[in-house]
Amino acid sequence: YNRHPDSDFYYIAGTDTYVRLNKLYKFLNMIDASDNLYIGGDGMSRSDTGKNIYYHSGGCGFILSNSILKQIIPYIPEWINIWNSHPLWI
């Protein structure tokens, strides 16, 4: 986001993901980037902390609209601190 803050969409995927860019571009041209969109990802849950936490990860990746990413960005430093301080993830 910091390198390209004006992009309409951001696609996050693992290094083992093959992307058919022509299909992805065609799909993205059909939706409104100003909407708060989170598209894709495999839903999973884990309960390392004794609390069941649902999250999206892996699979074919996921797409975030610029609008939703702008709302998420302020929380990322806090999430990183929580991640780094959790005894199971150190």
Side-chain angles (χ1 to χ4, degrees):
Y1 179 83
N2 290 337
R3 290 187 202 167
H4 303 283
D6 297 324
S7 294
D8 289 338
F9 298 99
Y10 301 88
Y11 177 64
I12 296 90
T15 58
D16 62 345
T17 303
Y18 176 79
V19 181
R20 295 182 64 182
L21 292 176
N22 60 329
K23 300 278 187 181
L24 180 60
Y25 293 149
K26 185 176 180 179
F27 172 70
L28 293 177
N29 282 323
M30 296 185 319
I31 56 179
D32 187 350
S34 66
D35 289 341
N36 293 328
L37 298 172
Y38 177 103
I39 303 168
D42 294 333
M44 303 177 78
S45 66
R46 86 191 272 175
S47 59
D48 293 338
T49 61
K51 179 180 175 185
N52 199 26
I53 300 170
Y54 186 78
Y55 65 97
H56 290 276
S57 176
C60 61
F62 56 93
I63 299 165
L64 299 173
S65 66
N66 187 300
S67 175
I68 197 70
L69 193 54
K70 282 181 182 175
Q71 293 177 50
I72 293 171
I73 289 289
Y75 298 98
I76 292 177
E78 177 185 351
W79 296 338
I80 291 171
N81 286 335
I82 291 168
W83 179 281
N84 288 334
S85 65
H86 192 283
L88 295 175
W89 298 322
I90 293 177

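- Counting heavy atoms from C-beta on, the side chains of Ile72 and Tyr38 never come closer than 4.5 Å.
- When the side chain to side chain donor-acceptor pair (under 3.5 Å) test is applied to Tyr10, the partners found at least two apart in sequence or on another chain are Asn66.
- Here the closest heavy-atom approach between residue Ala13 and residue Cys60 is recorded as CB-O, 4.3 Å.
- Partners of Asp35 by side chain to side chain contact (heavy atoms under 4.5 Å, CB included), not counting sequence neighbours, listed by chain and number: Asp32, Leu37.
- In this structure, OH in Tyr1 is found 7.5 Å from CG in Asp6, a value given to the nearest 0.5 Å.
- Taking Ser67 as the reference, Asn36 meet the side chain to side chain donor-acceptor pair (under 3.5 Å) condition, with sequence neighbours excluded.
- Legend: residues meeting side chain to side chain donor-acceptor pair (under 3.5 Å) with Asp8, ordered by chain and number and at least two apart, are absent.
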Would you be so kind as to tabulate the donor-acceptor pairs closer than 3.5 Å made by side chains of residues 18-31, with sequence neighbours excluded?
{"unit_1": "Asn29", "atom_1": "ND2", "unit_2": "Tyr25", "atom_2": "O", "d": "3.1"}

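- The nearest pair of heavy atoms linking Ala33 to Ser65 is O-CB, 3.5 Å.
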